[in-house]
Amino acid sequence: MPDPSSDQLSEELNTAKQVQPENVGALSRDQLTPEAAAAPQGHDVPGHDHADEENHAGHDHDPGELDLDDDGHDHGPAEPNPYLVPGISFALLLAGIALDYYKVGFFSGYVRLAWYGLAFVLVGWKVVKAAVLSIPSGNIFNEFLLMSIATIGAFAIGEYPEGVAVMLFYTVGELFQDAAVNRAKRSIKALLEIQATEVTVVRNGQSMVLDPKAVQVGDVMEVKPGEKVALDGTLNTTAANFNTAALTGESAPQTKQPGEAVLAGMINLESLIQVTVTAAFQDTKLSKILAMVQDAVGRKAKTQQFITKFAKIYTPIVVGLAVLLIVVPYFVVSDYVFRDWLYRALVFLVISCPCALVISIPLGYFGGIGAASKAGILFKGSNFLDVLREIDTVVMDKTGTLTQGVFAVQQVQPAAGTTPEQLLRLVGALETKSTHPIAKAVVAHVGAAAAGVSVDNVEEIAGHGLRGKVDGRDVLAGNTKLLVKFTVAYPPEVDQVVDSIVVAAVDGQYAGYLTVADAPKEDAARAVQELKADGISKVVMLSGDKDSIVQRVAKELGITEAHGGLLPEDKARYVQQYLTEGRKLAFVGDGVNDAPVVALADVGIAMGGLGSDATIETADVVIQTDHPSKIATARRIARATHNVVWQNIWLAFIVKGIVLALGAGGVATMWEAVFADVGVALLAILNAVRIQRMDFTSKAASAKT
């Protein structure tokens, strides 16, 4: 345990409060773009209980945000061998007990006191010092004070071995807690450490190694086999294979074709490649993901907040009860012996330390966040683990969420007087100004035919389409609602087309349409099936696509309620209606127009691969793999975390309650008190770290929890 007054400890405590960017290469919020920095990480709506910023008294073992100043301590051993000093103390204790047992002549009086005193000082002086240093800050009733009073009191009444044993086992318990916290941090630190620290850039034909922060958009990076991609960009060279496990949790390599996006954190598997940088260091998807992870460990679930507040009230109460345990019997017990009742009070104090609660509960949530990150699921706070477990309704967008979001033009149907080439050229040029998956499909189909066409005054009309000047002509491209909005007549048979459709008008006249088809994701039907099997009573699909397409996809996936042809405000209206009915709701989306609905839901879930930055930053949970089946996986992780946390709460309360009663009655000794404090804490910690070893890949696996 480090010295609470040392400069080293101050530095360690700052590190413990939050995973620091300078230590692991992550970004702090102020290093993000102004938009990203200002974007809310979660949102204050019913069902969202964000981090309690209160600087609580007592001892908070939250591994993600250890709220410690000079009155706390870090769970990262500073000594090269942290077990050496406790080992010496333990040897002295055993030797002293043996000398007492055999009644060795010299081992009495001051010699005996000095012997046990040395064993005590080795493990206890930092705890006593921490108790003293915590007093000026007003944080008096903490575990340091409880342990100090109890062990010094034991020495005062001559119970030297028990005083040493309590402090020794407390210190050993802290070392085990250190190991548990460090284990829980590894999975998240592994994510935080995937940013490359240097990058090879080709400028003016010369290769140079730079810090990724010094690389500019448009620079060309060289990435050797086995190297991490440092920044987002597009592949210049031939097709290449990448390990994306750090970003998505998927072990299968991904093949990227020339011109396709390559993201920071991917690992080049084979030949030397070149990548043109498209995003500065602070704007990469990885940087924003890391900022989300750092924010996540600082957000507390309701259970954590309850325990923090409970400890602030509980600790002074047990100190008061210990005092009463000494004083009250004086007036009611005929054969009152001060030493006996003082001993009972000291046992009472040792038992009362809330270590098992304040370490194992946040450790459990931290383990849940870590397990989710390994599965490619990012929770922006432990509070969302609790809320996700409670939901009974899942509302999902269609395109990019349940479907692949990879469209292809199937049919080109120009109006009379317009050739297919003319229609494609005008519509393709206008759609280059949109990032919608359907627009991308049109642009890909048109190809070079739209190159060099002038496009001006483009306006995107949410839920309708695009309007702009193409080669000086007024062009509309979108759904039929767009033509209705601008009073452009079109043939009635257009409304009968089932597939996704891009209808066009030129200079106020109907010019024809294109049909575009999308396919459901491979795991979409399984995702719906697993959610229903997992207790979700209502699965709904809301989409801006044509209702006929939406109903067809819903039937294919097994969704019984679906609504199409919706504007963003229509989606919000449906979600608000479900919330008004008292449902606990999660919304899953990926597009910019989904961001308001994601913010409205109890839990907003974003698809992190295809999803827009606005939706990802607004969401509470981000699925990096874009697999909708991970929603059920996230629920299993949330439920397992909840079960483990409450198992620890009941374990601590039941055992401590029993031993407190026995201690007050004079039955329990210091040895039972040590078990009730350190022993229960260790059992709770071992239970909490189980989350890291659980298999959440199937519903059957979750039954093991």
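Since this is a predicted model, take the numbers as computed values, not measurements.
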Is any side-chain heavy atom of [X] closer than 4.5 Å to a side-chain heavy atom of [Y]?
{"X": "M396", "Y": "L531", "result": "yes"}
{"X": "Q422", "Y": "P414", "result": "no"}
{"X": "T393", "Y": "V539", "result": "no"}
{"X": "F242", "Y": "K256", "result": "yes"}
{"X": "L210", "Y": "R203", "result": "yes"}
{"X": "V427", "Y": "L514", "result": "yes"}
{"X": "Y513", "Y": "V502", "result": "no"}
{"X": "F587", "Y": "I605", "result": "no"}

* Asked: Once the angle between the rings of H563 and Y574 is folded into 0 to 90°, is it parallel (under 30°), tilted (30 to 60°) or perpendicular (over 60°)?
  -> parallel
Find the distance between [atom1] ([X]) and [atom2] ([Y]) and round it off to the nearest 0.5 Å.
{"X": "H464", "Y": "E459", "atom1": "NE2", "atom2": "CD", "result": "11.0 Å"}
{"X": "K469", "Y": "S454", "atom1": "NZ", "atom2": "OG", "result": "10.5 Å"}
{"X": "Q274", "Y": "D219", "atom1": "CD", "atom2": "CG", "result": "11.5 Å"}
{"X": "K555", "Y": "T560", "atom1": "NZ", "atom2": "OG1", "result": "13.5 Å"}
{"X": "L542", "Y": "Y578", "atom1": "CG", "atom2": "OH", "result": "5.5 Å"}
{"X": "L378", "Y": "F384", "atom1": "CG", "atom2": "CZ", "result": "13.0 Å"}

* Would you sort out whether K571 and D397 count as a salt bridge (Lys or Arg N to Asp or Glu O under 4.0 Å), showing the intermediate values? => CA-CA 9 Å; K571 292 183 181 180; D397 177 46; 3.1 Å; yes
Between [X] and [Y] (salt bridge meaning N to carboxylate O under 4.0 Å), is one present in this structure?
{"X": "D471", "Y": "R425", "value": "yes"}
{"X": "R635", "Y": "D534", "value": "yes"}
{"X": "R526", "Y": "E530", "value": "yes"}

* To do: Starting from the C-alpha separation in whole Å, work towards a yes-or-no answer on side chain to side chain donor-acceptor pair (under 3.5 Å) for E270 and N241.
  => CA-CA 7 Å; E270 296 169 355; N241 293 323; 2.8 Å; yes
Which heavy atom in [X] sits nearest to a heavy atom in [Y], and how many Å separate them?
{"X": "A562", "Y": "Q551", "result": "O-NE2, 2.8 Å"}
{"X": "T255", "Y": "A239", "result": "CG2-CB, 4.4 Å"}
{"X": "V217", "Y": "A280", "result": "CG2-N, 3.7 Å"}

So, the side chain of [X] versus the backbone of [Y]: is there a donor-acceptor pair under 3.5 Å, distance only?
{"X": "E227", "Y": "K224", "value": "yes"}
{"X": "K630", "Y": "A375", "value": "yes"}
{"X": "T200", "Y": "M208", "value": "no"}
{"X": "R636", "Y": "F696", "value": "yes"}
{"X": "N479", "Y": "K481", "value": "yes"}
{"X": "D620", "Y": "G604", "value": "yes"}
{"X": "D547", "Y": "G564", "value": "yes"}
{"X": "Q410", "Y": "A408", "value": "yes"}

* Full working for side chain to side chain contact (heavy atoms under 4.5 Å, CB included) between L466 and I461 -> CA-CA 6 Å; L466 298 174; I461 302 170; over 6 Å; no
* To do: Assess whether side chain to side chain contact (heavy atoms under 4.5 Å, CB included) is satisfied between I377 and V621, documenting all intermediate values.
  => CA-CA 7 Å; I377 304 166; V621 182; 3.6 Å; yes
* Asked: Would V277 and M221 count as a side chain to side chain contact (heavy atoms under 4.5 Å, CB included) if you check the C-alpha gap in whole Å, the side-chain angles of each, and the deciding distance to 0.1 Å?
  -> CA-CA 7 Å; V277 176; M221 302 183 294; 3.5 Å; yes
[X] atom [atom1]: more than 12 heavy-atom contacts under 6.0 Å:
{"X": "E561", "atom1": "CD", "result": "yes"}
{"X": "E198", "atom1": "CD", "result": "no"}
{"X": "K485", "atom1": "NZ", "result": "no"}

* Trace of the side chain to side chain contact (heavy atoms under 4.5 Å, CB included) decision for K521 with D626 -> CA-CA 9 Å; K521 293 179 179 177; D626 282 337; 3.7 Å; yes
* What residue among D523, I536, I559, V394 forms side chain to side chain contact (heavy atoms under 4.5 Å, CB included) with V528? -> I559
* **side chain to side chain donor-acceptor pair (under 3.5 Å) between T278 and D232, worked out** => CA-CA 6 Å; T278 58; D232 293 354; 5.7 Å; no
